[in-house]
Every structure is written in C-alpha cells, then in structure tokens.
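Chain letters run A, B, ... following the sequence lines, proteins first and then strands; every chain starts at 1.
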Amino acid sequence: MSDSEDDLPLAQRAVQIKTTASPVHRGSPVPLRMSEDTPDPSQAHTSVYIKTEEDSDDDMPLAMRSNNNAKRSATIKSESDEEDIPLSKKRKKLSLKKTKVKREDESGLATSKRSRAPSSSSDEEDAKPLSKRGKIKKEEKTKKTSKVKKEENEEEIYKWWEASSSGDKQQEQDETTKWMTLQHNGVLFPPDYEPHGVKMKYDGKPITLSPEAEEVASFFAALLESDHAKNPTFQKNFFRDWKDVLKKDPRNPKITSFEKCDFRPIWEKFEKDKEKKKQMTKEEKLRIKEERTKIEEPFIHAYVDGRKEKVGNFRIEPPGLFRGRGDHPKTGTLKQRVAPEQVTLNLSKDAKIPKPPKGHKWADVVNDQTATWLATWKENVNGTIKYVFLAQSSAWKGQSDMQKFDKARDLKKYVKQIRKDYTKELYDKEMAKRQRATAMYLIDRLALRAGNEKGDDEADTVGCCSLRYEHIQLEPPHTLHFDFLGKDSIRYQNSVQVETQVYKNIKLFKKQVGPGSMIFDRLTTTGLNKHLNSCMPGLSAKVFRTYNASHTFQQQLDKLTHKDDSLPDKMLSFNRANRDVAVLCNHQRSASKSHGQMMERLQDRTRALKYQRMKLRHTLFALEPSYKKKSPYNELESDMDDEWIANHETELIVKEREKARIKFEKQNEKLKSEGERPLPESHLKESLKLVDEMEARLIKERKKKGVIEIKGKATTERVLNNIEKMDQRIAAMKIQATDKEENKEIALGTSKMNYIDPRISFAWCQKYDVPVQKVFNKTLLEKFRWAQEVNAKWTF
DNA sequence: GCTACTACTTAGCACCGCCGTT
DNA sequence: AACGGCGGTGCTAAGTAGTAGC
C-alpha cells in the first residue's frame with residue numbers, strides 16, 4: 001500500500017497529533033518536559049492548528065489523532081449525523097421466551113438439550129462431553145456422524161434480545177431484580193501446596209524451609225528473571241511478608257538479609273519442570289488436560305432461572321505475590337490463600353448448597369436477587385472484594401453490554417445540547433461550574449476517563465478530574481500538552497489545540513492551585529456525574545468514551561470502505577478504523593522486539609512473490625509477445641533491481657541443491673530401513689545436474705532480459721490466470737505488512753471488546769459481504785451474539 | 001457532605017496451544 | 001519432528017460509579 005493519499009488540505013486535518021511515538025512503561029517517571037514559559041518547540045510544532053469550522057465540529061473527538069496518518073483522522077464534518085436514526089426509546093422488558101438454536105460450536109462439547117438444574121445434573125451429563133473430548137480425531141473421521149449428533153445436541157440458547165415485552169410475567173418485577181432462581185456448584189479452590197524440597201541458599205549454604213516458607217520463596221523464585229524480581233518495592237514487600245512466614249516455624253533458619261538469599265536453585269527446578277512438561281507425549285498431555293476438565297466440569301455452568309449459563313472465573317485465585325502495575329506501593333506483597341471460610345456464595349433459597357471442601361464451611365450463603373455474582377471473597381493485599389461472575393457470553397453480560405451501547409447511542413441525541421451548555425459554562429463566574437465545564441470538554445473531546453481520586457497505597461495514576469498541575473503544560477496561544485500516567489500506569493501523551501476559553505481556564509486553574517495540586521480542585525467525579533445525569537438520564541463520564549469510540553469507528557469505517565475493494569482492502573479499512581479508536585482511547589502496547597525482523601521477512605516474501613510474477617510475465621511474453629506492451633504486464637517491479645534478482649536466484653539455487661541432497665538422503669534412509677539397497681551416488685548427481693541446468697537457464701535469462709524458455713504446458717490462458725493469482729497474493733501480503741506496521745504500538749483488542757458497538761461491525765459485514773469470522777474471533781462472536789442479526793443499514 | 005463499601009466494566013500481561021516453517 | 005511466532009485465552013489488576021453508612 002503506497003501511502004500517497006496525502007491529499008487532504010491541512011485545514012481539514014485533525015487538529016492535533018500525537019507527539020511521541022515511543023510507548024511508555026509502567027513506573028517510568030513522567031518527565032516534566034518543559035516549564036510553562038518555555039515551551040519545548042520540538043513538542044509543539046507537531047501540531048498544526050488552523051482555526052476553521054472544524055473546530056466547532058460537533059462530532060469528531062479532538063483526540064482523533066494518529067501518529068503516522070493524521071490524514072486519516074481528518075474528518076469532514078456533518079451536522080447531518082444529528083438527524084439520523086430515530087432512537088427507539090422502548091427498552092424491551094426481558095422475558096423468558098426461549099428459542100431453539102443450533103449450536104455453532106464445533107468442538108463437540110455441545111451438551112444434552114435438556115436444560116436441567118445442576119442439582120439433578122452431574123455425572124451422567126457431565127461425563128459425556130468429557131469422553132468426547134479425547135477423541136477429536138476420531139470425530140473428524142466420522143464427520144457425518146458427528147453432524148447428526150450435533151443436531152441431536154441442539155441446544156437452547158436464550159435469545160433474550162428477541163424476547164418480546166409481553167412475555168412471561170416472571171421477570172416483570174423491578175429492574176433491580178436480576179434473577180428468580182440461581183443455582184451453581186460454587187467455586188473451585190486451588191490444590192494444596194506440595195513441597196518440592198529443593199533447597200535454596202542463604203549466605204551460600206543450602207537451607208531447609210517449612211512447606212509454607214518454601215511456597216512463598218518459590219513464588220519469588222518463579223519470577224526471578226522477570227522485572228518484578230528486580231523491582232525494589234517488590235523485593236521489599238515480598239521479603240517482609242516472607243520473613244513473617246518464616247517466623248511461624250521455629251525450625252526455619254534465621255533470615256535477615258535479602259541480599260544473601262539465592263533463589264536460583266528453585267528457579268532452576270522450575271525451568272527443568274517446564275522442560276519436562278514440554279517433553280511430555282501427546283497422550284500424557286491429553287490425560288492431564290482431561291483430568292483438569294473433569295475437575296472443572298461441575299463449575300463450568302450455572303443455572304439462571306433454569307437457563308444454563310457459562311460461569312466466568314469459578315476458580316478461587318491462588319496465593320502468590322501481588323503483581324501491582326506501575327509504581328504500586330504494595331507490589332510484591334503476599335497474597336494469601338483463600339479459605340472457604342472467607343467465601344460467600346449467592347444462590348436461590350431453595351437451591352442445593354454446594355459442599356465446601358472437607359472440614360470447611362462457607363463464610364455465608366446469601367440469596368441476593370439484586371446481584372449477579374455467584375461467589376465473593378475479600379482479598380488481603382488491598383482489601384478489595386473479588387467476585388465470581390458469569391462469562392462474557394452470558395445473558396447478563398450481553399444485556400448490560402447492549403444497554404451500555406444503547407445509552408452511548410442515546411447520547412448522540414443529547415450531545416449537541418450538552419456541548420452547547422458546557423461551552424457556555426466555560427465562562428461561568430462560578431469557578432466550580434467553570435471547572436466542571438472544562439472537565440466535560442476534555443472528557444468529551446479527548447475521551448479521558450473520569451479520574452476518581454486514589455489513595456496513597458495505590459499507584460499514582462490520574463484521569464480527568466484528578467489531573468494535577470504538572471500533567472498539563474500550556475503553550476500559547478492555545479495548545480495543551482498532556483503527559484500523565486492513566487489507568488494501568490499507561491502514559492498518556494497528547495498535544496491538543498483547544499478552545500481559547502478552555503486554554504484560559506486551565507491556565508487560571510493551574511495558577512490558583514499551584515504545583516502538585518489537582519487542577520480541578522472544586523470538582524469530584526461524583527459531582528460531575530451528578531450533573532451529567534441531569535443532562536441525560538443515566539449519563540456518566542464513561543459514556544462519552546463509549547460514544548466517542550463507537551461514533552469514530554462508524555465514521556471512519558464508512559469513510560474508508562468502498563464497495564469494490566478486495567477483501568484484504570476491506571479488512572485493512574476495518575482495522576484502520578479500529579486503530580483510530582484504539583489511538584483515541586490510548587490503548588497502547590509496546591512494539592514487540594521482533595517487529596523489525598518480522599517486517600523484513602514479510603518484505604522478503606513479497607519480493608519473492610514478485611519475482612515469481614516477473615517470471616510468469618516473461619513466460620507470457622514468450623507465448624504472446626503482444627502482452628509486452630500491455631499494462632500492467634509491462635510494468636517494472638519497483639523494489640526489485642538486478643542485484644536483488646541475482647542474489648535471490650543464487651539463494652534459490654542454493655536451496656534447490658540443499659533440497660535435492662535432503663531428498664536423496666531421505667530416500668536412502670527409507671530404503672535402508674526397508675532393508676533395500678541405497679540409491680547410488682549418481683542419482684544425487686543427476687538431481688544436482690538438473691539444478692545446475694536451472695541455474696544456467698536463470699543466468700541466461702538474466703542476461704537476455706525478459707527472454708525466457710517456455711516450459712512444459714504453459715498456455716497463455718494458464719499463465720494469465722497464474723499471474724492474476726499472484727497479483728492477489730502480492731496485494732494481500734502488502735496489505736498485511738501495512739496493517740502490521742501501523743499496528744505495532746497499538747492494541748486493538750480492548751476497543752473492539754469494550755468500546756465499539758458490535759452492531760456497527762456486523763452491519764458492515766453484511767453491507768460489504770465480509771464473513772463475520774474475519775472481524776470477530778469465536779469468543780467475541782459469542783459475546784456479541786445479541787448484535788449479530790442487525791440490518792445492514794444499521795448505524796450507530 | 002463525606003468516606004467506605006460494593007458491584008460491575010475495562011485493561012494489560014503472561015502463558016498456551018496451534019499452525020506454518022525449517 | 002522440532003521450532004518459533006502469534007492469536008487466543010485466562011487471569012486478575014485497576015478502573016468507574018452508585019449506594020450505604022456516618
């Protein structure tokens with residue numbers, strides 16, 4: 001893909017551009033790039049600001065930036081976006097209507113069509129899929145049979161999105177009731193610790209540890225080669241907690257110095273274990289997997305109002321060292337083993353209560369019909385509450401997902417007025433309102449997170465409301481430079497041209513609070529959300545992010561896709577639109593170490609294909625000279641010079657010789673094993689001679705450019721056909737390369753999963769005849785089942 | 001009003017298994 | 001058959017936001 005569509009007038013470009021390409025890592029200090037009075041020009045000049053109507057563009061988030069392709073971010077404004085889609089207000093009441101659906105699942109895991117309660121279920125039903133699992137190959141062989149079976153296994157999928165409002169009365173109660181009956185088998189605890197007995201060293205000498213101390217030491221040893229083990233905070237917290245554990249058993253040695261600890265022996269043991277695991281035979285691996293599935297089986301599903309649903313995380317989190325991200329003060333702290341006595345279950349009054357592990361009991365068993373969690377416990381490191389929920393594919397998750405996107409879509413209708421209002425309030429004499437308006441501007445235009453306040457015992461990260469003095473630098477006349485650590489300590493760096501009044505406000509607020517303090521000192525997320533709620537029912541700060549993401553995606557997709565594009569081109573457009581959203585939401589990833597290498601290899605492969613195409617063309621000319629003058633056959637390959645061709649051909653020949661030799665050896669080995677006489681050396685010579693001939697031919701062809709011997713049964717038609725196929729392969733590979741390059745520092749997954757209304761994608765697939773599997777993997781298809789049947793005309 | 005608690009969504013990391021390559 | 005790279009998935013941390021309790 002030559003990127004030559006540099007054709008947009010500057011004035012239409014997105015008003016700002018991401019300034020720094022390098023991704024930033026957790027915990028890296030945020031440098032204060034410049035003082036307010038001496039803006040760093042190298043940072044500033046990257047932004048182009050031209051005051052146009054685009055600035056009043058109601059639709060395009062300012063943050064529609066892109067490091068390498070600002071042109072794509074430019075948007076032509078359309079007030080027309082406003083009028084479309086009469087939003088149906090009717091929120092369908094959910095009912096219990098069931099629809100029979102064939103399961104798409106190919107895995108042979110489909111279960112009996114009887115939808116039974118777990119109390120009556122168990123072994124018989126649960127064992128069935130298990131026994132099948134080990135015989136995947138067999139199943140493939142007997143595909144026909146399995147097809148029949150699949151139909152037998154037709155399963156009821158609750159299509160809640162199709163359920164009519166006048167349905168059952170069962171779910172008519174208030175919206176806070178989430179279920180009438182809830183049954184499940186509780187949670188799965190990690191196995192008890194089994195000591196390995198490997199002695200680590202202290203002060204150079206092997207030491208014997210109590211099992212408990214050994215376990216904790218092993219947690220650390222496992223991370224020895226990771227960044228965590230080198231993090232002083234991590235070391236400190238681990239060592240403190242480990243010493244406590246050591247003290248519990250008087251037989252443990254006295255350990256006082258972290259520096260004298262040598263965890264390497266344990267680390268090496270784990271490495272060996274990994275190696276062993278790799279060496280296991282297929283059968284062994286399969287057996288282990290089967291055992292695992294068997295243990296999991298009872299916990300995989302829950303029953304909500306009689307309907308079978310997948311459970312998400314039924315496993316109780318195992319003990320370990322807390323791996324806080326960024327500069328978390330508690331990182332490395334020992335996360336203790338959770339006992340059943342700490343776990344509360346939530347299920348129906350009349351449901352069978354799952355048995356706690358032997359000798360234990362549950363903390364509590366409740367029947368909270370307003371909650372969707374199945375189990376909960378409190379974790380010791382931060383005192384946060386953990387939950388077991390249903391899986392992403394469940395009705396509960398699907399419903400709230402749909403509601404989320406519908407709400408974001410609702411915002412479309414309100415956004416114009418909201419913008420008008422806050423723009424006015426930017427001038428309000430009441431500072432609290434002015435701050436609120438300014439914050440709303442940032443949340444709306446940059447898709448920032450709300451920014452709740454955080455404690456001292458957490459990593460220092462911020463969002464909009466918690467931005468501090470040093471997080472925004474001003475550059476006259478109205479550029480704001482953002483640089484702060486956001487969620488997960490991901491750095492947000494962005495330079496934005498803003499409304500003059502926003503600039504003035506930030507300047508004023510900063511002056512009022514001074515360094516180290518929060519810029520919006522009169523604003524809290526609660527206050528902001530209260531106000532947002534009064535603007536539109538149910539509105540909160542995060543809705544803007546969803547709205548902006550989905551809206552951007554819809555726009556970019558419409559703009560980039562063309563009816564006649566090839567499938568790879570369409571996919572590139574899709575991914576580009578996706579990418580724009582990821583950039584907007586600052587979903588970064590660090591470029592993999594092998595990225596450059598990967599790109600090189602791709603390029604080499606592309607060239608190899610081009611070379612083949614060239615040869616085909618020459619053949620064509622030999623067959624039908626008139627093509628010599630016809631486009632595109634007469635075009636030269638831009639990135640393939642004589643030198644490259646010579647090198648490539650030499651490589652090809654080398655490979656051919658190698659192949660011939662290997663083939664010869666293989667044949668002989670085979671003959672030997674069959675007790676027959678090996679082929680004579682002359683056989684190999686024969687093959688090599690053919691290669692020599694090929695080499696000579698290539699050299700000759702190279703000299704007499706484009707003149708080629710016609711081989712075998714080449715006909716004009718066939719060659720033309722082959723050339724076309726080659727064209728397609730080359731185009732596809734080039735597109736793939738472009739895609740990969742543009743993706744190297746951006747993670748698409750998060751926006752796809754959480755921010756982009758899947759109905760946009762499904763409608764697009766329909767409209768442009770793209771298989772849905774191209775845009776969603778199996779998991780996402782399941783998660784977004786509710787969106788799948790939208791009309792091709794549907795828009796966000 | 002404030003803080004603490006609760007419930008749920010959003011997020012990146014690490015590992016695993018598959019698939020194409022050698 | 002081994003290898004290695006990559007996408008998918010599991011895991012759980014880290015957010016948002018509403019509510020409960022003072």
Side-chain angles (χ1 to χ4, degrees), chain A residues 23 25-26 176 178 190 222-223 226-228 274 277-279 282 285-286 289 296 312-318 320 322-326 328 330-331 335 344 346 368 370-373 376 378-379 381-392 396-397 400-401 403-404 443 449-455 458-459 461-466 485-490 524-530 532-533 538-546 549 582 585-590 592-595 597-598 601 605 655 658-659 662 740 747-755 776-780:
Chain A
H25 292 280
R26 289 95 269 253
T176 56
K178 303 284 173 49
L223 298 173
S226 73
D227 288 346
H228 295 295
K274 271 187 220 159
K277 209 175 155 196
K278 254 194 246 162
Q279 301 302 327
K282 271 224 171 80
K285 280 184 190 164
L286 206 68
K289 204 178 163 193
E296 287 174 351
N313 54 327
F314 47 81
R315 227 172 251 283
I316 294 284
E317 293 176 17
F322 172 68
R323 283 137 109 141
R325 309 204 177 130
H328 196 117
K330 293 193 174 180
T331 193
K335 191 166 88 169
T344 299
N346 188 26
D368 185 351
T370 69
T372 64
W373 53 266
T376 182
K378 198 173 191 173
E379 152 269 350
V381 178
N382 296 291
T384 61
I385 304 162
K386 303 277 188 166
Y387 299 91
V388 172
F389 290 116
L390 291 186
Q392 287 298 312
W396 279 341
K397 297 288 187 192
S400 61
D401 231 23
Q403 276 170 26
K404 172 183 76 184
I443 286 169
R449 295 189 184 84
N452 284 322
E453 276 188 71
K454 299 186 71 188
E458 299 173 273
T461 62
V462 296
C464 184
C465 294
S466 49
L485 297 183
K487 181 176 179 179
D488 291 307
S489 293
I490 295 291
T524 63
T525 50
T526 312
L528 175 68
N529 281 336
K530 264 201 187 117
L532 289 176
N533 201 270
L539 186 64
S540 66
K542 80 194 269 278
V543 181
F544 279 91
R545 237 167 114 79
T546 315
C585 295
N586 201 37
H587 292 140
Q588 296 183 5
R589 65 167 184 186
S590 38
S592 75
K593 288 156 257 156
S594 56
H595 175 81
Q597 213 187 342
M598 181 179 73
R601 240 183 308 125
R605 276 164 59 198
K655 273 185 202 152
E658 188 68 22
K659 251 199 252 167
I662 288 172
K740 287 222 160 117
L748 302 187
T750 304
S751 49
K752 200 186 221 176
M753 185 157 66
N754 299 307
Y755 287 106
F776 291 125
N777 62 30
K778 195 177 146 243
T779 323
L780 286 180

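Evaluation of the ring-ring contact (aromatic ring centres under 6.0 Å, His included) rule for A:Phe544 yields no partner, not counting sequence neighbours. Residues that satisfy the ring-ring contact (aromatic ring centres under 6.0 Å, His included) test with A:Phe322, not counting sequence neighbours, are A:His328.
Within the 4.0 angstrom heavy-atom criterion, only backbone atoms of the sugar-phosphate kind lie near A:Ser400; the bases stay farther away. Note on A:Lys285: nothing from the nucleic acid sits closer than 4.0 angstrom, heavy atoms only. Across all strands shown, A:Thr384 has no heavy atoms under 4.0 Å from either base or sugar-phosphate atoms. In this structure, A:Phe389 reaches the bases: a heavy-atom distance under 4.0 Å links it to at least one base atom across the strands shown. Residue-level contact check: A:Gly312 touches neither bases nor backbone, having no heavy atom under 4.0 Å from any strand.
Within a 6.0 Å radius of CG in A:Asn533, more than 12 heavy atoms belonging to other residues, nucleotides or ligands are found. Crowding of A:Lys277 atom NZ: a count of heavy atoms from other residues, nucleotides or ligands under 6.0 Å not exceeding 12.
Checked by distance alone, A:Lys386 brings no side-chain donor or acceptor within 3.5 Å of a matching partner on the base of C:dT12.
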_Sugar-phosphate or base contact per nucleotide [nucleotides 16-22 of chain C; S, B, -; heavy atom under 4.0 Å]_ = BB-----
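The side chain of A:Ile385 sits closest to B:dT6 out of C:dT12, C:dA14, B:dT6. Here the side chain of A:Asn313 is nearest to one of C:dT12, B:dA7, B:dA11, namely C:dT12. Comparing B:dT9, C:dA14, B:dG12 by their nearest atom to the side chain of A:Phe322 picks out C:dA14. The side chain of A:Trp373 sits closest to B:dC8 out of B:dC16, B:dC8, B:dA11.
A close approach under 4.0 Å does not occur between any side-chain nitrogen or oxygen of A:Thr461 and OP1 or OP2 of C:dA14. For the pair A:Tyr755 and B:dA11, the criterion of a side-chain N or O lying under 4.0 Å from OP1 or OP2 is met. Between A:Lys335 and C:dA13 there is a side-chain N or O to OP1 or OP2 distance below 4.0 Å.
Remark on DNA chain C: of its neighbouring residues A:Asn777 and A:His328, the 5'-side contact belongs to A:Asn777, judged by nearest-heavy-atom nucleotide. Heavy-atom nearest nucleotides on DNA chain B were determined for A:Met753 and for A:Tyr387, and the one closer to the 5' end corresponds to A:Tyr387. Positionally, the nearest nucleotide of DNA chain B for A:Lys378 lies more toward the 5' end than for the other of A:Lys487 and A:Lys378.
Between A:Trp396 atom CH2 and B:dT9 atom C1' there is a gap of 16 Å when expressed in whole angstrom units. If you measure from atom CG of A:Asp368 to atom C1' of B:dC8, you get 13 Å, rounded to the nearest angstrom. If you take NZ of A:Lys404 and C1' of C:dG15, they are 13 Å apart, rounded to a whole angstrom. In this structure, A:His228 atom NE2 and C:dT12 atom P are separated by 13 Å, rounded to whole Å. Per the geometry, CD belonging to A:Glu379 stands 14 Å off C1' belonging to B:dT6, to the nearest Å. C:dT12 atom C1' lies 16 Å from atom NZ of A:Lys330, rounded to whole Å.
Side chain to side chain, A:Thr461 and A:Lys454 meet the donor-acceptor criterion of an N or O pair below 3.5 Å. A donor atom on one side chain and an acceptor atom on the other are found under 3.5 Å apart for A:Thr384 and A:Glu379.
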